[in-house]
2 protein chains.
Amino acid sequence: MAAKLESDKGSMAARLRDHGITPTAQRVRVGQILFACDQHLSADDLLRQLRAEGARVSKATVYNTLNLFAAKGLLRELNFDATRSSFDSNTSPHFHFHVENTGELIDVSPGDIEFARLPALPPGTESLGVEVVIRLRRVE
Amino acid sequence: MAAKLESDKGSMAARLRDHGITPTAQRVRVGQILFACDQHLSADDLLRQLRAEGARVSKATVYNTLNLFAAKGLLRELNFDATRSSFDSNTSPHFHFHVENTGELIDVSPGDIEFARLPALPPGTESLGVEVVIRLRRVE
DNA sequence: TTCCTTGCAAAACTTTTGCATTAAA
DNA sequence: TTTAATGCAAAAGTTTTGCAAGGAA
């Protein structure tokens, strides 16, 4: 209902503000799409979805917004595909299966991988996280 | 010395032939650069290095050759940088540190990482390998 | 008002392609 | 000679940029 939509819009605006992002109409709409569920979207995926919903958004704004969200920690950029970047709307720690012959990307929950040993970091560096990708091929 | 260079050229040609690759002059030269040591090179890095050595090679051939070598298992393609692919001349199992604020890529030897638990694969898939990237930031 | 954001088109890049020429077998 | 590889320039795809117009505070 209308009240629900208003509330969603307002809470997305608040969420953006909490991350130091001025909540414009375009950014709120992008946020509502991205954070509806955990997903991996390219700039073009997102633009197509916005246009399908009748949103008035330019390509430049889609790129600006994705980069801004990623810089502010709302998204994580993924470079599995050599030709285009995707953005993961789930920024909590987790891992991925990457099916190379189909392009699929499947989440692995964080509890499903554990390390028995990790290397010491090179001097003068700090860790930003550990990424694990299990490369797969779909068969039969 | 000349004999040494001849021998290197010959053994690179043999190595390419072993992988089902017709050893042309350009491919041998590319192989000699790539496999001189373990390294991570982009197409442009490689083209620049070839040109600096005075090699007569086109951009198209550099791309053709990198893709061919990767398809034949002589290289592994890496997509850490969103804007360009790199190719790892070390195809044996190992992992990487990726220093995000400098772009550096540092090898982690395979013995330095051990898993205590790994997830079951999705049905209908087989594993092509596990990739681990420890994302770093250089500080101070 | 003042500063930031958007939209549009053009520019910048990386990578691929088409086709005539050249080299490998 | 027959087939495959190369070089060049143009094309294709993604992402960024410059600048005028519009929106937020």
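Quick note: numbers below take in every heavy atom, side chains included, and nothing from hydrogens, waters or symmetry partners. Keep in mind that this is a model prediction, so the values were computed, not measured.
- Among residues at least two apart or in separate chains, there is no salt bridge (Lys or Arg N to Asp or Glu O under 4.0 Å) pair with a member in residues 33-42 of chain A.
- Taking only side-chain nitrogens and oxygens, B:T83 never comes nearer than 4.0 Å to OP1 or OP2 of D:dT14.
- A heavy atom closer than 4.0 Å to some atom of DNA chain C occurs in no member of residues 98-105 of chain A.
- The phosphate of D:dG7 (OP1 or OP2) has a side-chain N or O of B:Q26 nearer than 4.0 angstrom.
- Here the P atom of nucleotide D:dA4 and the CG atom of B:L16 are 18 Å apart, to the nearest Å.
- Going from atom CG of B:D44 over to atom P of C:dT16 covers 14 Å, rounded to whole Å.
- For A:A82, the side-chain contact (heavy atoms from CB on, under 4.5 Å) partners are B:E77, B:N79, B:S85, not counting sequence neighbours.
- Taking every side-chain heavy atom of B:S58 into account, D:dC8 is the closest of C:dT6, D:dC8, D:dT15.
- The phosphate of D:dA5 has neither OP1 nor OP2 within less than 4.0 Å of any side-chain N or O from B:T61.
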Under 3.5 Å, which protein N or O atoms sit close to an N or O of nucleotides 16-24 of chain D? Give each pair with its distance.
residue, atom, partner, partner atom, Å
D:dT16, OP2, A:N67, ND2, 3.0

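- A cation-pi contact, defined as under 6.0 Å to the ring centre and within 45° of the axis, is absent between B:R76 and B:F87.
- In this structure, the CZ atom of A:R51 is 14 Å from the P atom of C:dT6, given to the nearest Å.
- When the side-chain hydrogen bond (donor to acceptor under 3.5 Å, both in side chains) test is applied to B:R17, no partner is found at least two apart in sequence or on another chain.
- For the atom pair CZ of A:F97 and CD1 of A:I134, the computed distance is 4.5 Å after rounding to the nearest 0.5 Å.
- Residue contacts for A:S85: at a heavy-atom cut-off of 4.0 Å it reaches the sugar-phosphate backbone alone, with no base atom in range.
- Applying the side-chain hydrogen bond (donor to acceptor under 3.5 Å, both in side chains) test to B:S58 and every residue at least two apart in sequence or in another chain returns B:T61.
- Between B:D81 atom CG and C:dT15 atom C1' the separation is 14 Å, expressed in whole Å.
- Residues passing the salt bridge (charged side-chain N to carboxylate O under 4.0 Å, His left out) test with B:D107, sequence neighbours excluded: none.
- Across the helix from C:dT1-D:dA25 to C:dA25-D:dT1, the helix axis at one end is tilted relative to the axis at the other end by 30° (nearest 10 degrees, each axis from five pairs).
- Atom-to-atom, CD1 of B:I21 to C1' of D:dA5 comes out at 13 Å; the value is rounded to the nearest Å.
- Across the protein-nucleic acid pair, A:N79 atom CG and C:dT14 atom C1' stand 14 Å apart, rounded to whole Å.
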Residues 120-128 of chain B, side-chain donor-acceptor partners within the protein, below 3.5 Å, at least two apart:
residue, atom, partner, partner atom, Å
B:T125, OG1, B:P122, O, 2.6
B:E126, OE2, A:R137, NE, 3.1
B:E126, OE2, A:R137, NH2, 2.7
B:S127, OG, B:G129, N, 3.1

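- Note on A:R84: every side-chain N or O is 4.0 Å or more away from OP1 and OP2 of C:dT14.
- Note: CG (A:D45) to P (D:dT14) measures 10 Å, nearest angstrom.
- For A:S89 (side chain) and A:C37 (main-chain N/O), a donor-acceptor pair under 3.5 Å exists by modelled atom type.
- By the side-chain hydrogen bond (donor to acceptor under 3.5 Å, both in side chains) test, A:T22 is found to be paired with no residue, residues two or more places apart in sequence or in another chain being considered.
- Partners of A:A116 according to the side-chain contact (heavy atoms from CB on, under 4.5 Å) rule, which considers only residues two or more places apart in sequence or in another chain, are B:E114, B:A116.
- In this structure, CZ of B:R27 is placed 11 Å from C1' of C:dA23, rounded to the nearest angstrom.
- Listed by chain and residue number, B:E104 satisfy the side-chain hydrogen bond (donor to acceptor under 3.5 Å, both in side chains) test with B:R138 (two or more places apart in sequence, or in another chain).
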